[in-house]
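Some notes on the structure that comes next.
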Amino acid sequence: MHRGEVDEALRLVDTGHARLLEDRRTLDVVAAALADLPAGTGDDVASGRGAVFVGVLARRLEVRPATLRQWERVGLLRPGRDPRTGYRVYRPADVRDALLVGLLRRGGCPPARIGPLLVEVRAAGGVADLDAVLADWRARLGARGRALLTGAAALADYLDADAAS
């Protein structure tokens, strides 16, 4: 501002608001994806029952097996291996993660944002306990929004005072 770069300052404000909007949209997609998961999907991981191979899971998600392997390569999925065949085996928690990844990807959420959410899901032991995480995320976005508005108002006041002088 002191160098007369008003357009650049306004662009920075716009960028902050655009990022906030993108983060709000991501939160909405995540909340919707969690709500869309079938009840109990992969939350009962202790039983170990319901393990499936890559082809079965790919059909269930309506993706190609290569897509599941790609999600594994980028660290989103961590299936085990069948000790006899070496094939990927998706346990209930892996199925839950794959369903969540699939929903989020369809919602436009990038893998870089999905990874941290999966860490939270795994730490919570399932999706049932993520309401507090989502509420905290929403509160932080609200605080950022208020801070952006406060900063924009201060910038507008500064520009008005500068124009008046």
Side-chain angles (χ1 to χ4, degrees), residues 11-149 151:
R11 185 179 285 98
L12 290 171
V13 171
D14 294 344
T15 300
H17 285 285
R19 284 185 185 146
L20 180 61
L21 179 59
E22 180 182 326
D23 289 347
R24 285 185 188 283
R25 287 178 177 155
T26 300
L27 173 59
D28 290 343
V29 168
V30 168
L34 291 173
D36 286 346
L37 280 177
T41 301
D43 284 342
D44 181 17
V45 296
S47 70
R49 297 178 190 250
V52 296
F53 292 109
V54 68
V56 172
L57 183 57
R59 280 190 297 281
R60 181 173 178 187
L61 294 175
E62 299 178 355
V63 299
R64 296 182 348 196
T67 300
L68 293 174
R69 290 190 289 271
Q70 175 61 26
W71 292 348
E72 181 183 354
R73 275 192 296 280
V74 298
L76 298 178
L77 300 180
R78 305 180 307 195
R81 296 286 181 159
D82 182 287
R84 291 171 297 164
T85 64
Y87 293 163
R88 289 169 177 82
V89 178
Y90 294 85
R91 296 170 306 274
D94 302 319
V95 171
R96 175 207 55 219
D97 292 352
L99 287 168
L100 187 54
V101 171
L103 288 166
L104 292 170
R105 291 298 295 138
R106 275 199 304 277
C109 194
R113 297 231 172 138
I114 296 172
L117 175 69
L118 288 173
V119 169
E120 294 291 337
V121 169
R122 290 171 185 143
V127 297
D129 297 327
L130 288 180
D131 288 341
V133 172
L134 295 177
D136 179 60
W137 188 358
R138 196 170 302 282
R140 284 184 283 121
L141 291 177
R144 273 180 51 204
R146 287 187 300 279
L148 283 169
L149 289 174

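Reckoned from all heavy atoms, side chains included, excluding hydrogens, waters and symmetry mates. Numbers for residues simply follow the sequence, beginning at 1.
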Trp71 side chain near Ile114 side chain, heavy-atom distance below 4.5 Å
no
Under the rule for side-chain contact (heavy atoms from CB on, under 4.5 Å), what residues qualify as partners of Val89, not counting sequence neighbours?
Ala51, Phe53, Asp82
Over all atoms of both residues, closest heavy-atom pair of Arg81 and Gly86:
NH1-O, 2.9 Å
Sorted by chain and residue number, the side chain to side chain donor-acceptor pair (under 3.5 Å) partners of Arg19 (sequence neighbours excluded) come out as none
Of Leu76, Val63, Leu68, which meets side chain to side chain contact (heavy atoms under 4.5 Å, CB included) against Val101?
Leu76
side-chain contact (heavy atoms from CB on, under 4.5 Å) filter on Arg11, not counting sequence neighbours, yields Glu8, Thr15
Close side-chain approach of Leu99 to Leu61, heavy-atom, < 4.5 Å:
yes
Are Val95 and Arg60 side-chain neighbours, meaning at least one heavy-atom pair lies under 4.5 Å?
yes
Between Asp94 and Gly80, what is the shortest heavy-atom contact and its length?
OD2-N, 4.2 Å
Should Tyr90 and Leu77 be marked as a side chain to side chain contact (heavy atoms under 4.5 Å, CB included) after you check the CA-CA gap, both sets of side-chain angles, and the distance that decides it?
CA-CA 9 Å; Tyr90 294 85; Leu77 300 180; 4.1 Å; yes
Using salt bridge (charged side-chain N to carboxylate O under 4.0 Å, His left out) as the criterion, list what pairs up with Arg105, not counting sequence neighbours.
none
Going by the rule side-chain contact (heavy atoms from CB on, under 4.5 Å), which residues pair with Ala112 if we only count those two or more places apart in sequence or in a different chain?
none
What residues form a salt bridge (charged side-chain N to carboxylate O under 4.0 Å, His left out) with Arg138, not counting sequence neighbours?
Asp28
If you compare all heavy atoms of Gly55 against all heavy atoms of Pro65, which two are closest, and at what distance to 0.1 Å?
CA-CG, 4.5 Å
Non-neighbouring partners of Leu141 that pass side-chain contact (heavy atoms from CB on, under 4.5 Å), sequence neighbours left out
Leu20, Asp23, Arg24, Leu27, Trp137, Arg144
Taking the side chain as every heavy atom from C-beta outward, state whether Gln70 and Thr67 have any pair of such atoms under 4.5 Å apart.
no
Please enumerate all residues that pass side chain to side chain donor-acceptor pair (under 3.5 Å) together with Arg146, with sequence neighbours excluded.
none
Could Asp97 and Arg78 be called an ion pair, given the rule that one side-chain N must be under 4.0 Å from one carboxylate O?
no
Report yes if the side chains of Leu149 and His17 come closer than 4.5 Å at any heavy-atom pair, otherwise no.
yes
Does Glu22 have any salt bridge (charged side-chain N to carboxylate O under 4.0 Å, His left out) partners at least two apart in sequence or in another chain, and if so, which?
Arg113
Exceeds 12 heavy-atom contacts within 6.0 angstrom, atom CZ of Arg64:
no
Suppose we screen for salt bridge (charged side-chain N to carboxylate O under 4.0 Å, His left out). Which residues come up paired with Arg25, at least two apart in sequence or across chains?
none
Locate the shortest heavy-atom distance separating Leu57 from Ala98; write the atom from each residue and the value.
CD2-CB, 3.6 Å
How many angstroms lie between atom CG of Leu118 and atom CG of Leu104, to the nearest 0.5 angstrom?
7.5 Å
